[in-house]
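Read through the structure below, which is laid out as structure tokens, and then see the notes.
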Amino acid sequence: MIEKMNGKVMIESVDLFELAEKYGTPLYCYSKQAIKDRIKMIYHTMEEIADFHLGFALKANNNIHLINLLVKNGCMIDIVNHNEYILAREGGTPADKIVVNGNGASREFLETMIAEGVYSINIDSYEEYKIVRNIVEKLDDKERLPNFMLRVNPDVNPNTHPYISTGLKENKFGIQMDVARKILSTDKGLITGLHTHIGSNIFDISPFKEAFAKLLELKKDFSQLKAVNIGGGWGIDYHKEGTDFDTETFRKEIVPLLKEMDCRIMMEIGRFIMGPSGILLSKVLYKKETEFKTFVVCDANMANMIRPALYDAYHHIQPLHTKPVEEKITADVVGGLCETGDRLAKNREIEDVSKGDLIAIHDAGAYGYSMASNYNAESKPAEVLIYKDSHRLIRKRETVQDLLKKMKI
């Protein structure tokens, strides 16, 4: 996404040094064109499915300006709680373009979502099914109900990090296949579809094939099922090794299986769209050299970007030099918080840097800002959206006064 042109370091046609000067660092930067291109890539992959609907998983990035961009480019929005619902609506999402997900829905939340007229509700457990059934039975008007879909747990190993694996029987998500069959056998018309999501950042096609084959078998046995939501999970090339998710193989091997379902196919993608479309821009504070190790201390930290600390996740880090730098160093890239785990990279070979240099943490558009915290009373970064040669602030940088407002009661 970053290009060097005429002695400048650019996203689209915007100079990153100018952004850092204007908005400060750390700074989340998003490319509007990259977001649009990723959406087009998904629609191209799924184009043989006549009734296909793309959703964006709001947990990946909840900025209302980005939500608005996604909706205008053909996305529904997938939410898991009432706060996300409000953000989706503020971002311009009609209620009937919202999909409700998650495994912790209260009765009050379900009542609200049904009254609001959301597109669908993915029911995560038998206990939740009984609550929904009871709510619907008490309604006078049953004409404008959402589509109720069972989230099925297919017990498939997605071969990803255990924290983001969601389709194994020991995971907290979904209804076991035998329980789903029992519900559908006695349901009497409430459930109209199936849903599954087996995990995130997946590259292997075979778990999708295994999971969707199980859904197809279940769907064939129950004619009332008119839609299947296949979740998301497509991986992205964090290591910059040319290993982005193989959409062409998905198109050849998985799309025919989905077509065989002969119904509406829905998808919830977050990371694949937004991850590669954003970077976290940071400034080097020091290069600290000891007898044992070199540390690049920057103004971004685990409060701004927790994935490396939480998942030991890899993010490509690029020093933004305008001229070639031949010397390389091996260093831990760290923040200034009071944690040894406050690091963005460990033993990473990068171009040599000096105090004041800018670095870019790549693929930060998903689960970057949305997982940020105020640890050590850190202020959350600003966010900017870039398009062609223009840019605009889409979230102000927090200040300590913003933190104090919540405590002065």
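At least one side-chain heavy atom of C298 sits under 4.5 Å from a side-chain heavy atom of L344. In this structure, the side chains of K214 and V152 stay at 4.5 Å or more apart for every pair of heavy atoms. Counting heavy atoms from C-beta on, the side chains of R151 and I175 never come closer than 4.5 Å. You'll find the side chain of M5 stays beyond 4.5 Å of the side chain of K8, heavy atoms only. With contacts defined as side-chain heavy-atom distances shorter than 4.5 Å, the pair L225/C263 does not qualify.
Note on ring orientation: taking the six-membered ring where Trp is involved, the planes of Y126 and Y129 are parallel (angle under 30°, cut-offs 30° and 60°). Relative orientation of the Y369 and Y28 rings is perpendicular, given thresholds of 30° and 60° on the angle between their planes. The aromatic rings of F250 and F212 lie perpendicular to each other, with more than 60° between the two planes, well past the 30° mark.
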Assess whether side chain to side chain contact (heavy atoms under 4.5 Å, CB included) is satisfied between Y367 and K59, documenting all intermediate values. CA-CA 7 Å; Y367 307 105; K59 61 184 179 177; 3.2 Å; yes

Verify side chain to side chain donor-acceptor pair (under 3.5 Å) between D187 and Q224, making sure each step is shown before the conclusion. CA-CA 10 Å; D187 175 61; Q224 69 265 38; 5.0 Å; no

Is there a side chain to side chain contact (heavy atoms under 4.5 Å, CB included) between K4 and V9 once you walk through the steps? CA-CA 5 Å; K4 294 183 179 180; V9 184; 4.3 Å; yes

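No side-chain donor-acceptor contact under 3.5 Å links E268 to the backbone of G231. Between the T186 side chain and the K182 main chain, a donor and an acceptor come within less than 3.5 Å of each other. Side-chain N or O atoms of D342 include one that pairs as donor or acceptor with a backbone N or O of G336 at under 3.5 Å.
The side-chain hydrogen bond (donor to acceptor under 3.5 Å, both in side chains) pairs that include a residue from residues 376-386 are Y30-E383, N63-E383, N301-E378, E383-R395, where partners are two or more places apart or lie in different chains. Residue pairs meeting the salt bridge (charged side-chain N to carboxylate O under 4.0 Å, His left out) criterion with at least one member in residues 84-103, sequence neighbours excluded, are R89-E116. For residues 347-373, the salt bridge (charged side-chain N to carboxylate O under 4.0 Å, His left out) pairs, not counting sequence neighbours, are K240-D363, K287-D352.
Looking at H391 and E18, their side chains never bring a donor and an acceptor atom within 3.5 Å of each other. Checked by atom type, the side-chain pair K293/N347 shows a donor-acceptor distance below 3.5 Å. For S282 and D299, the side-chain atoms include at least one donor-acceptor pair closer than 3.5 Å. With hydrogens and angles left out, the side-chain atoms of S277 and R38 include no donor and acceptor closer than 3.5 Å.
The distance from atom CG of D204 to atom CZ of F245, rounded to the nearest 0.5 Å, is 9.0 Å.
A 6.0 Å sphere centred on OH of Y286 holds no more than 12 heavy atoms belonging to other residues, nucleotides or ligands.
Comment: K226 does not engage D51 in a salt bridge, judged by the lack of any side-chain N to carboxylate O separation of less than 4.0 angstrom.
Among residues two or more places apart in sequence or in another chain, the salt bridge (charged side-chain N to carboxylate O under 4.0 Å, His left out) test is passed with R181 by D221. Residues passing the salt bridge (charged side-chain N to carboxylate O under 4.0 Å, His left out) test with D237: none are found, sequence neighbours excluded. In this structure D15 satisfies the salt bridge (charged side-chain N to carboxylate O under 4.0 Å, His left out) test with no other residue, sequence neighbours excluded.
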